[in-house]
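Just so you know, these numbers use all the heavy atoms, side chains as well, and skip hydrogens, waters and symmetry mates.
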Amino acid sequence: MPLAVYILGLGIFTQGTSEFMLSGLLPNLADDLDVSIPDAGLLISAFAIGMVVGAPLLAVATLKWPRRTALVALQAAFIAAHIVGALAPGYGVLFATRVISALAYAGFWGVAVATAVALVPANAKGKAVAVVASGLTLATIIGVPAGTVLSQFAGWRAAFWGVALLTLVSLACSVFAIPGGRGSAEEARTVRSELRAMARPQLWLSYAVTAFSFGAVIVTFSYLASLLTDVTGLADGWVPVLLALFGVGGLLGMVIGGRTAEAYPIRTLALGTGVLAVTSALLAVLAENTVVTVVLVFVLGMAGYVTNPILQSRVFVVAPGAPTLVGATNTSAFNVGNTLAPALGGMTINAGFGFASVAWVGAALAAAGLLGTLWAGHLQYRSRPVKGSVVAGGGSGTRQGQERTETPV
């Protein structure tokens, strides 16, 4: 795997830490800014809104730029927004910086995935995307708990300064590791050609599954610190440990999903969303039991992220003619769930159902994702070659039809 792919993963790690670190900062941040926990949780939705809007917009705006130039410029904007956020005098300014940070991060995601796919041969595209996306999982294992610990000792603003510094390191690495210039493949990219390549129903079904599946895990994760302290009864010092345990489960899920992304996408998606729905429901009911909650947090991370490599990589198989926009729109799909889910969780908390109620929201979203996956499986079954038919590429239709991997979601 080229070094540049790992550098792209580093960029996702540094910026992804910011995306999710608020889950561990919410209590301190809410107290400092004198807002409620649900209002502080809206900062997560603000970031996600910026991701939804920013991914396609920044992909179009930078489509004709050399990819290294785009990656460096977007990271510089992200750093600037975090410096302003660390100095923010109140909630409104911080809210605005979260949106701006997300715009830059969304653009980086789209360009980074497209760059990784372009740097490797066809049979390694899924692995390359998994490496880049693993930066986000490492952010939940290392970055988010570290940010939580840092905020407990030095305040939440210190976590913002830390992210800005780490992203500066990533920017410097990008300058030296990402190939510069503009290749022939980049010269052929236009908005019109990529939009034409995206006119495929199964691609948009995949986006819907992405939104539901990721929303299912992020709604619980967003309020996990509050759930652990207020419902389970754990001390504040245990929160970073449980967040890291969630991340370890997520990393294991990413490894499993990365190995099955090419051959069994729908089966893996169905298993992941099904386990996620059951785990979320159990957490809603059993959150007061410490031992059970610890186990469920680990399983939640694993089930929530086992689908990630499939959802990230298969869209490039479905629409290979749109390497930039298809990935950028997939980023938007992830963040549709990331936007709506915390808001829905905040509504249940404000309605008086308690912090454990967010897990019921997660269970419902996961069930919707499972239904979408089963529908994709139905479409796959209908589109399989008839026994004895000739499959494009020559050879025996019977043999090739039986040995083909699953149709992408």
Side-chain angles (χ1 to χ4, degrees), residues 16-48 91 94 98 136-137 139-160 162-163 215-250 279-280 283-284 286-290 292-301 304-305 338 341-350 353-362:
T17 295
S18 177
E19 180 179 7
F20 293 114
M21 71 180 180
L22 288 193
S23 63
L25 308 185
L26 284 186
N28 291 337
L29 191 149
D31 288 342
D32 185 53
L33 298 180
D34 194 25
V35 297
S36 67
I37 291 289
D39 284 344
L42 289 178
L43 292 170
I44 299 173
S45 294
F47 196 95
Y91 181 84
L94 183 60
R98 294 304 286 170
L136 193 59
T137 307
T140 64
I141 297 174
I142 301 172
V144 173
T148 303
V149 172
L150 183 61
S151 71
Q152 290 175 347
F153 285 95
W156 64 268
R157 296 176 191 273
F160 277 71
V163 166
V217 66
I218 202 62
V219 65
T220 304
F221 183 77
S222 296
Y223 297 98
L224 189 56
S226 298
L227 186 150
L228 292 172
T229 55
D230 287 21
V231 181
T232 309
L234 293 176
D236 290 342
W238 282 103
V239 172
V241 177
L242 269 293
L243 292 176
L245 182 64
F246 173 93
V248 171
T279 302
S280 298
L283 185 61
L286 303 174
E288 294 181 358
N289 187 307
T290 301
V292 172
T293 298
V294 170
V295 174
L296 291 176
V297 166
F298 174 79
V299 177
L300 188 74
Y305 279 89
N338 201 9
L344 290 173
M347 289 172 61
T348 64
I349 296 170
N350 284 330
F353 294 108
F355 288 110
S357 66
V358 299
W360 282 120
V361 178

inquiry  = Can you tell me how far apart OG (Ser151) and CG (Leu25) are? Round to the nearest 0.5 Å.
reply    = 4.5 Å

key: Tyr91, OH: over 12 other non-hydrogen atoms inside 6.0 angstrom   = yes

message = Tell me the closest heavy-atom pair linking Gly147 and Ala159, and the distance in Å.
response = O-CB, 4.0 Å

ask   = Minimum heavy-atom separation for Gly16 to Ala139, with atom names?
value = C-CB, 3.8 Å

key: Pairwise distance CG(Leu94) to CZ(Arg157) - rounded to 0.5 angstrom   = 8.0 Å

key: Heavy-atom check, side chain of Phe353 versus side chain of Val358, under 4.5 Å   = no

Leu283 side, atom CG; Trp360 side, atom CH2 - distance, nearest 0.5 Å = 10.0 Å

query = Considering all heavy atoms of both residues, which atom of Val361 and which atom of Val219 are nearest to each other, and what is their separation?
reply = CG1-CG2, 4.0 Å

note = Hits for side chain to side chain donor-acceptor pair (under 3.5 Å) against Ser18, two or more places apart or cross-chain, chain-then-number order -> His82, Arg98

task = Mark yes or no for whether Thr348, through its side chain, and Gly345, through its backbone, hold a donor-acceptor pair below 3.5 Å.
result = yes

Could you give the side-chain donor-acceptor pairs of residues 222-241 under 3.5 Å, partners two or more places apart or in another chain?
unit_1: Ser222; atom_1: OG; unit_2: Ile218; atom_2: O; d: 2.6
unit_1: Tyr223; atom_1: OH; unit_2: Pro342; atom_2: O; d: 2.9
unit_1: Thr229; atom_1: OG1; unit_2: Ala225; atom_2: O; d: 3.0
unit_1: Thr229; atom_1: OG1; unit_2: Ser226; atom_2: O; d: 3.3
unit_1: Thr232; atom_1: OG1; unit_2: Ala287; atom_2: O; d: 2.8

request  = Side-chain contact test, heavy atoms from C-beta onward, threshold under 4.5 Å: evaluate it for Thr293 versus Leu286 and give yes or no.
outcome  = no

Donor-acceptor contacts under 3.5 Å from residues 31-41 side chains, at least two apart:
unit_1: Asp32; atom_1: OD2; unit_2: Trp156; atom_2: NE1; d: 2.8
unit_1: Ser36; atom_1: OG; unit_2: Asp39; atom_2: N; d: 3.2
unit_1: Ser36; atom_1: OG; unit_2: Asp39; atom_2: OD2; d: 3.3

